[in-house]
Asks: 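There's a structure below that I have some questions on.
These numbers come from a predicted model, not from an experiment. Count residues from 1 along the sequence.
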Amino acid sequence: MNQRNLDGNSFIIRLEMTTKDIKFGEVASAISEAGGDIIAIDVISTNQDVSVRDLTVAVTDAQDNSKIIEGVRQLKGASIINVSDRTFLLHLGGKIEVTPKVPIHNREDLSRVYTPDVARVCSAISEEPGKAFSLTIKRNTVAVVSDGSAVLGLGNIGPRAAMPVMEGKAMLFKQFAGVDAFPICLDTQDTEEIIRTVKAISPAFGGINLEDISSPRCFEIERRLNEELDIPVFHDDQHGTAVVLYAGLINALKLVGKSITDVKIVVCGIGAAGVACSNILLSAGASRVVGVDRDGALVRTASYENEVWSDYAARTNPELETGSLREVIRGADVFIGLSRGNLLTREDVQTMAADPIVFAMANPVPEIMPSVVEDIVAVMATGRSDYPNQINNVLCFPGMFRAVLDCRASEINEEMKLAAAQAIASAISDEERTRYYIIPSVFNDKIVKSMRNRVIEAAVKTGVARRIPREQAREGGDV
């Protein structure tokens, strides 16, 4: 597939062509020379003299649009009527809506869903608050909460600009797991105000998905909300990434015949995701995790202003290695990058142990491009969709929240995250597993069901499930 199609940048040119002056091939050539690919053609109207067509053009970068448009405008006999960006068209008016589950056809229907009959339901919940899980949308609804401080690779762009991402997240919840999610973008970046606000809105929701909140505030916000709420709180940038990373590593280690208890793992970038990824690896039995950030390896003998780093250093780097990434990566079996592009070199990878595993997950530019080390790594993974083995947290959060809502878990603990990772990893059989296929597709319809069952089992075993579904394979339902 063409790279442009994979990236998904495209726009539509509505073009009027005078048939005696220009042939369509001339238009196609002009678009190609300007860096575009025509991926769809729709004839709007045509007669002997004039033809009007919609041309869907894919480009590598949105900035290429102007070159293509100018190239077409210079053609004699071609007139651009309109230019539409397909992505912007898709977002017009937002991407989600609220629809009723039951119709209101008459006065009797109205009296049941609203006053006066609804008062009886309100009274029942007032007398027994737990009934909110079965008699309101709380049973199947998640709040997707962001302050817009760390959105994708765009940085601190604010709550309004974060809304399209959070709407998209809500779509994924519904598409993959049937979970109703709603974007809550807060116009504050004050830690205490965020905590107060989320606590105040929590009665309406069965879970809280924190999203795109910058480090280190995200740690405190998640910790406090987990302590003060009785519903699960999950910072997906941290834990969703960690779950999928560990799932990929399970399969990668199987390919090279190594055990997580023995391998040396270098984690580059000790922010929110780096800490969470290290935590799940430690919980899984890793004993030789070395974290590296801008000042080199984190070590317990050093002093850090960042409390998160101090705690991290106390639990990692047992051999007290010091120095830069280039120094500590020597002899490492696994590299996990959660930092920035082009930090790692081919020469660095050559100093790793035999059959090195490289997960370069910085976006949009990985710590090292796969093509640079294709011939010397055993397994390569990135955060990009245009290379094999994408570490994509979409594989985690739909199934995770399907599970915690169905068993009404009070929290999401480390055992539940490990269970989720095992579910993702097991979606690839021994026969299917290759160096190019250690992570299943997000469209694998078996993953949500498998994860749901495994996570519920872990929740029950660890005592955080407040309800056990009648059948593990069943989606919801009261016992």
Side-chain angles (χ1 to χ4, degrees), residues 129-130 132-133 136-152 154-163 165-167 169-170 173 179-243 270-277 279-280 304-312 393 396-397 400-401 404-405 408-414 416-417 459 464 466:
F133 280 102
T136 74
I137 62 172
K138 186 180 184 75
R139 169 183 183 150
N140 192 53
T141 306
V142 171
V144 181
V145 179
S146 179
D147 64 358
S149 60
V151 180
L152 303 177
L154 303 173
N156 189 353
I157 60 175
R160 292 169 184 81
M163 273 294 289
V165 178
M166 305 313 137
E167 287 182 17
K169 190 105 181 189
F173 267 112
V179 172
D180 295 314
F182 196 83
I184 307 289
C185 291
L186 304 177
D187 195 10
T188 178
Q189 294 184 3
D190 178 84
T191 296
E192 292 299 325
E193 191 171 6
I194 291 172
I195 292 169
R196 285 195 303 271
T197 302
V198 174
K199 287 175 64 179
I201 66 172
S202 65
F205 299 96
I208 306 293
N209 185 111
L210 300 176
E211 187 78 14
D212 292 347
I213 299 174
S214 63
S215 174
R217 292 178 309 113
C218 60
F219 297 110
E220 176 70 5
I221 291 168
E222 184 189 33
R223 182 186 67 80
R224 288 271 304 282
L225 288 174
N226 267 316
E227 289 176 356
E228 299 174 27
L229 290 178
D230 65 347
I231 56 175
V233 179
F234 189 77
H235 188 201
D236 191 49
D237 299 318
Q238 295 183 58
H239 308 300
T241 302
V243 166
I270 311 305
V275 171
C277 288
N279 286 345
I280 199 170
Y304 303 102
E305 292 183 9
N306 186 336
E307 292 182 9
V308 173
W309 279 16
S310 297
D311 174 69
Y312 183 95
N393 56 12
C396 175
F397 66 81
M400 177 66 79
F401 274 93
V404 300
L405 290 170
R408 295 181 191 165
S410 57
E411 64 178 59
I412 297 173
N413 56 37
E414 211 66 22
M416 294 159 73
K417 297 170 198 171
V464 300
R466 291 173 289 190

Asks: Return the minimal non-hydrogen interatomic distance between Pro203 and Lys138, and the atom names on each side.
Replies: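 So the two residues come closest at O-NZ, 3.3 Å.
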Asks: With a 4.5 Å cut-off on side-chain heavy atoms, are Arg160 and Asp187 touching?
Replies: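 Yes - at least one pair of side-chain heavy atoms lies under 4.5 Å apart.
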Asks: Among residues at least two apart in sequence or on other chains, which ones pass salt bridge (charged side-chain N to carboxylate O under 4.0 Å, His left out) with Asp190?
Replies: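 With neighbours one apart ignored, the set is empty.
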Asks: Apply side-chain contact (heavy atoms from CB on, under 4.5 Å) to residues Arg139 and Leu405 and explain how you reach the verdict.
Replies: CA-CA 7 Å; Arg139 169 183 183 150; Leu405 290 170; over 6 Å; no
Asks: Compare every heavy atom of Thr141 with every heavy atom of Ala204, then report the nearest pair and how far apart it is.
Replies: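 Closest heavy-atom pair between Ala204 and Thr141: O-CB, 4.4 Å.
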Asks: Could you verify whether a donor N or O on one side chain and an acceptor N or O on the other, from Thr191 and Arg224, lie under 3.5 Å apart?
Replies: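 The answer is no; no qualifying pair exists.
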Asks: Could you tell me if Asn279 and Gln238 have a donor-acceptor pair between their side chains, going purely by distance under 3.5 Å?
Replies: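 No, Asn279 and Gln238 have no side-chain donor paired with an acceptor closer than 3.5 Å.
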Asks: Suppose we screen for salt bridge (charged side-chain N to carboxylate O under 4.0 Å, His left out). Which residues come up paired with Asp237, at least two apart in sequence or across chains?
Replies: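 Partners of Asp237 under the salt bridge (charged side-chain N to carboxylate O under 4.0 Å, His left out) test: none.
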Asks: Quick one: do the Thr188 and Glu193 side chains pair a donor with an acceptor below 3.5 Å?
Replies: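 Result is yes, a qualifying pair exists.
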Asks: When you check the gap from the basic side-chain N to the acidic O, do Glu220 and Arg217 get nearer than 4.0 Å?
Replies: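 No, Glu220 and Arg217 are not salt-bridged.
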Asks: Which pair of non-hydrogen atoms, one from Ala150 and one from Ile213, has the smallest distance, and what is that distance?
Replies: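 Minimum heavy-atom contact is CB-C, 4.1 Å.
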Asks: Could you check Asp236 against Lys169 for side-chain contact (heavy atoms from CB on, under 4.5 Å), going step by step and ending with a plain yes or no?
Replies: CA-CA 11 Å; Asp236 191 49; Lys169 190 105 181 189; 2.4 Å; yes
Asks: Hey, does Ile201 have a side-chain heavy atom less than 4.5 Å from the side chain of Ile184?
Replies: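 The answer is yes; the side chains approach within 4.5 Å.
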Asks: Taking atom CD of Glu228 as the centre, does the number of heavy atoms from other residues, nucleotides or ligands within less than 6.0 Å exceed 12?
Replies: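 Atom CD in Glu228 is crowded, with more than 12 foreign heavy atoms closer than 6.0 Å.
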Asks: Do the side chains of Val142 and Phe397 get nearer than 4.5 Å, heavy atoms only?
Replies: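 Counting from C-beta outward, Phe397 and Val142 never come under 4.5 Å.
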Asks: Using ring-ring contact (aromatic ring centres under 6.0 Å, His included) as the criterion, list what pairs up with His239, not counting sequence neighbours.
Replies: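 Once residues adjacent in sequence are excluded, the partners of His239 under the ring-ring contact (aromatic ring centres under 6.0 Å, His included) criterion are Phe234.
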Asks: Less than 4.5 Å apart, side chain to side chain, heavy atoms only: is that true for Arg466 and Phe133?
Replies: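 Touching, per the 4.5 Å side-chain cut-off.
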Asks: Hey, are the side chains of Leu225 and Leu210 touching, using non-hydrogen atoms and a 4.5 Å cut-off?
Replies: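 Yes, close enough: below the 4.5 Å cut-off.
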